[in-house]
Amino acid sequence: MNQGNQTTISEFILLGFSNQAEKQKLIFLLFLSMYLVTVVGNGLIILAIGLDVHLHTPMYLFLANLSFADISSSSTSVPKMLINIHTRSQSISYEGCITQMYFSIVFVVIDNFLLGVMAYDRFVAICHPLNYTVIMHSRFCFLLTVCPWVLSNVVALTHTLLANQLVFCNHNTIQHFFCDLAPLLKLSCSDAMINELMKFIVGLSVITFPFALILFSYVRIIRDILRISSTEGKWKAFSTCGSHLTVVTLFYGTIVGVYFFPSSTHPEDTDKIGAVLFTVVTPMMNPFIYSLRNKDMKGALKKLINKRHFFPLMS
């Protein structure tokens with residue numbers, strides 16, 4: 001019980017995806033596999049960037065932060081879901097649920113801002129190549145790296161403090177596989193209008209600036225690419241942005257569909273599918289989309305494996 005928060009329940013029940021034993025086993029193996037790929041893939045990227053001095057550039061600094069955020073995003077929800085399936089327990093404490101919600105918001109918002117920062121980096125690299133090192137100097141890059149982390153925690157703290165004011169009565173069953181903001185608001189037996197309003201206003205603010213930066217960057221990039229006379233030159237310039245644009249489309253399409261509208265306007269399955277896309281699938285795909293098609297990253301990964309950083313006992 002938490003009288004300070006006017007809470008009459010001490011735990012929530014996470015329904016997950018299915019209660020059928022056969023499906024539970026399949027879901028466990030599927031999510032465990034995706035989680036391991038996410039952790040290993042993004043972990044390799046962070047190690048490769050950290051150990052290769054040739055990758056100590058703004059582009060790869062932002063990519064390393066994105067990889068860390070992706071690992072953290074999946075780690076916020078997937079391990080708890082796997083433990084629940086393995087132990088056949090669907091419960092999560094009130095404090096654990098609020099904490100899970102907080103960090104899930106933090107890492108979604110960080111991804112959002114980092115995508116904007118990475119788009120701006122590509123804009124400077126393609127449209128102002130001669131001034132790239134002057135514009136993207138170390139102090140400015142540090143600011144572009146720190147700001148997403150600070151702002152994401154401010155956003156998450158805002159939603160968490162508001163959620164703590166809600167009253168949860170007899171109904172404690174969450175139609176989701178983790179404690180997300182939208183299903184929690186549906187569960188409240190008190191008026192959640194302020195929470196819904198803040199979800200829309202803060203969500204709009206968080207999405208608008210990075211998306212506007214991405215839109216501005218790509219308009220300028222496309223304009224400059226079209227000015228390149230050779231087809232090979234156009235393709236080479238655009239290929240550096242194609243992977244980023246793919247993830248941007250997937251990320252923003254999912255976020256708008258799941259979070260941008262009131263919780264009552266779409267069914268629970270939409271929340272679950274959307275959450276799987278941006279907390280599990282997208283983080284798993286990012287190492288392949290961003291890095292494994294990149295020659296510099298491929299080279300760094302080969303050096304990492306050849307030097308046997310992971311197998312010192314075998315050296």
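Source: prediction; values computed, not measured. Heads up: numbering here begins at 1 and tracks the sequence.
Pairing each heavy atom of T145 with each of P148, the nearest pair is O-CD, 3.3 Å. When all heavy atoms are compared, the tightest approach of S74 to P79 is O-CD, 3.4 Å.
Side-chain contact between F200 and N195: absent, with no pair of heavy atoms (C-beta onward) separated by less than 4.5 Å. Inter-residue side-chain proximity for V281 and M285 is flagged as met; some heavy-atom pair is nearer than 4.5 Å. Within the 4.5 Å cutoff, side-chain heavy atoms of V202 are placed close to those of H159.
For the 3.5 Å distance criterion, the side chains of Y102 and N153 qualify, holding a donor opposite an acceptor. A donor-acceptor pair shorter than 3.5 Å cannot be found between the side chains of Y60 and N65. In this structure, a donor-acceptor pair under 3.5 Å is absent between the side chains of T87 and S89.
Of the possible donor and acceptor atoms, none in the side chain of S73 sits under 3.5 Å from a partner among the backbone N and O of D70.
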Exercise for the section: List the steps, then state whether side-chain contact (heavy atoms from CB on, under 4.5 Å) holds for M198 with I194. Expected result: CA-CA 6 Å; M198 287 301 295; I194 294 178; 4.3 Å; yes
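The number of heavy atoms from other shown groups lying within 6.0 Å of NE2 (H56) is above 12.
Counting only residues at least two apart or in different chains, ring pair (Phe, Tyr, Trp, His ring centres under 6.0 Å) contacts with residues 61-84 comprise F68-W149.
Remark: Y218 engages H244 in a ring pair (Phe, Tyr, Trp, His ring centres under 6.0 Å) (not counting sequence neighbours).
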For residues 107-132, dump all side-chain donor-acceptor pairs below 3.5 Å to protein atoms at least two apart in sequence or in another chain.
{"unit_1": "N112", "atom_1": "OD1", "unit_2": "Y252", "atom_2": "OH", "d": "2.5"}
{"unit_1": "N112", "atom_1": "ND2", "unit_2": "V206", "atom_2": "O", "d": "2.7"}
{"unit_1": "D121", "atom_1": "OD1", "unit_2": "Y132", "atom_2": "OH", "d": "2.5"}

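In this pair, F177 and F31 present their aromatic rings tilted. The plane angle is within the 30 to 60° band.
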